[in-house]
Amino acid sequence: MVEEPTPEPGPDQLLVEVRAAGVNPVDWKIRKGLRVTEPLTAPRGLGSDAAGVVVALGEDAEGFAVGDDVIVSGATDAYASHLLARARQLTAKPSALNWEAAAGFGIPVGTAYQVLRSLQLTAGEMLLVHGGSGGVGQAAIQLARAWGADVVATASVPNHERLRELGAIPVEYGPGLLERLRDAAPDGYDVVLDAAGTEEAFATSLDLVADRSRIATIVDVQRADELGIRAWSGSRPGYLTEAERQLRFEAIGVVATLAEEGRFEVEIAARYPLDEASAAHEFSETGHVRGKIVLLP
Ligand SMILES: NC(=O)c1ccc[n+]([C@@H]2O[C@H](COP(=O)([O-])OP(=O)(O)OC[C@H]3O[C@@H](n4cnc5c(N)ncnc54)[C@H](OP(=O)(O)O)[C@@H]3O)[C@@H](O)[C@H]2O)c1
């Protein structure tokens with residue numbers, strides 16, 4: 001962690017005092033050099049998601065006032081006490097949503113919403129989510145249920161009760177997965193969202209859904225291209241159109257309203273002080289986090 005002067009908002013920028021920041025797997029993938037980014041020649045920020053209070057406005061910045069509580073998505077340096085954002089990256093935070101839950105919105109909510117909208121999931125359909133207990137999985141289950149779809153989701157057994165609470169039928173991943181998935185939904189599946197990226201997730205998806213345009217992964221875009229299924233990625237060039245990126249921003253306000261109505265919640269898996277971001281990454285890198293990790297400045 002480094003101490004820096006509080007940044008001054010430039011034209012069209014707003015300064016947000018961060019109350020909580022969300023940790024996402026992409027953060028450590030960037031840190032490890034697994035994503036195309038600017039050369040890492042100097043210390044720099046990390047983190048897309050946060051929640052906080054607008055404390056200063058740059059020239060011509062519109063849409064928010066000093067003192068507004070906001071959800072931040074699509075930032076580049078949210079692991080901080082203060083961040084600069086543009087109005088497009090901010091959404092008014094309902095008072096019913098606490099700081100930690102609001103910081104857990106950005107990437108998981110934006111991704112789940114955009115992918116399910118792009119796959120045209122509709123009421124009455126059966127959705128399969130591989131990786132149902134993570135940040136994206138839990139968001140996808142709740143959105144699908146809110147839209148009137150049924151959901152089967154995979155997780156390890158200790159996380160099955162959580163999937164049931166969210167309205168999904170839980171299934172354990174691992175050997176025998178195809179049989180268990182068939183038993184869980186005897187009438188079959190319409191749509192798949194893969195948030196696990198394993199070979200068994202790809203194989204079972206192809207066995208269960210004939211229409212490859214309704215199977216998507218958010219993990220392995222290369223494998224998706226080989227298999228002729230769909231893939232979206234916010235961090236890899238060419239895997240998100242401008243309209244799809246706009247859906248990810250739109251998601252935050254839509255889902256904040258659902259949360260206000262008590263129809264969407266964010267489970268907090270762990271909290272770390274900002275200067276323990278490395279421990280937060282170690283936990284995220286285990287691949288077995290249930291819910292969201294947040295950093296508290
Ligand atoms: N393309 C994009 O734009 C985009 C956006 C967001 C996320 N992602 C990617 O999507 C993945 C999920 O993101 P996330 O934020 O939801 O991660 P996360 O919160 O860290 O998810 C971890 C979850 O994955 C589950 N899991 C682990 N191994 C599994 C397996 N073999 N089969 C099924 N589930 C398994 C774990 O369940 P158990 O503990 O029960 O094992 C855990 O609950 C990450 O790879 C992330 O980088 C991509």
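Numbering of ligands and ligand atoms starts at 1, following listing order. One-based numbering along the sequence shown.
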Worksheet item: Hey, does the side chain of Thr154 reach the backbone of Tyr173 with a donor-acceptor pair shorter than 3.5 angstrom?
Response: no

Worksheet item: Okay, side chain of His160, backbone of Ala155: is any donor-acceptor separation there less than 3.5 Å?
Response: yes

Worksheet entry | Co-members of Tyr239 in a cluster of I, L, V, M, F, W and Y side chains, linked at under 4.5 Å | Val221

Item to complete: Name all pairs fulfilling the salt bridge (charged side-chain N to carboxylate O under 4.0 Å, His left out) condition that reach into residues 46-57, sequence neighbours left out, sorted by first residue then second.
Response: none

Discussion item. Applying salt bridge (charged side-chain N to carboxylate O under 4.0 Å, His left out) as the test, list every pair that has at least one member in residues 181-207; sequence neighbours left out.
Written reply: Glu199-Arg223

Discussion item. Aromatic contact between Phe105 and Tyr113, with the criterion being ring centroids under 6.0 Å apart: yes or no?
Written reply: no

Contact table ligand 1 N or O to protein N or O, d under 3.5 Å:
from: ligand 1; atom 1: 1 (N); to: Ile218; atom 2: O; distance (Å): 2.9
from: ligand 1; atom 1: 1 (N); to: Trp232; atom 2: O; distance (Å): 2.7
from: ligand 1; atom 1: 3 (O); to: Gly234; atom 2: N; distance (Å): 2.9
from: ligand 1; atom 1: 3 (O); to: Arg248; atom 2: NH1; distance (Å): 3.0
from: ligand 1; atom 1: 3 (O); to: Arg248; atom 2: NH2; distance (Å): 3.2
from: ligand 1; atom 1: 16 (O); to: Gly135; atom 2: N; distance (Å): 3.1
from: ligand 1; atom 1: 16 (O); to: Val136; atom 2: N; distance (Å): 2.9
from: ligand 1; atom 1: 19 (O); to: Gly135; atom 2: N; distance (Å): 2.8
from: ligand 1; atom 1: 37 (O); to: Ser133; atom 2: OG; distance (Å): 3.1
from: ligand 1; atom 1: 39 (O); to: Asn159; atom 2: ND2; distance (Å): 3.3
from: ligand 1; atom 1: 39 (O); to: His288; atom 2: ND1; distance (Å): 3.3
from: ligand 1; atom 1: 40 (O); to: Ser156; atom 2: N; distance (Å): 2.8
from: ligand 1; atom 1: 40 (O); to: Ser156; atom 2: OG; distance (Å): 2.5
from: ligand 1; atom 1: 40 (O); to: Asn159; atom 2: ND2; distance (Å): 2.8
from: ligand 1; atom 1: 41 (O); to: Tyr173; atom 2: OH; distance (Å): 2.4
from: ligand 1; atom 1: 41 (O); to: His288; atom 2: ND1; distance (Å): 2.6
from: ligand 1; atom 1: 43 (O); to: Ser133; atom 2: OG; distance (Å): 2.7
from: ligand 1; atom 1: 43 (O); to: Gly134; atom 2: N; distance (Å): 3.3
from: ligand 1; atom 1: 43 (O); to: Val289; atom 2: O; distance (Å): 2.8
from: ligand 1; atom 1: 45 (O); to: Lys29; atom 2: NZ; distance (Å): 2.9
from: ligand 1; atom 1: 47 (O); to: Lys29; atom 2: NZ; distance (Å): 2.7

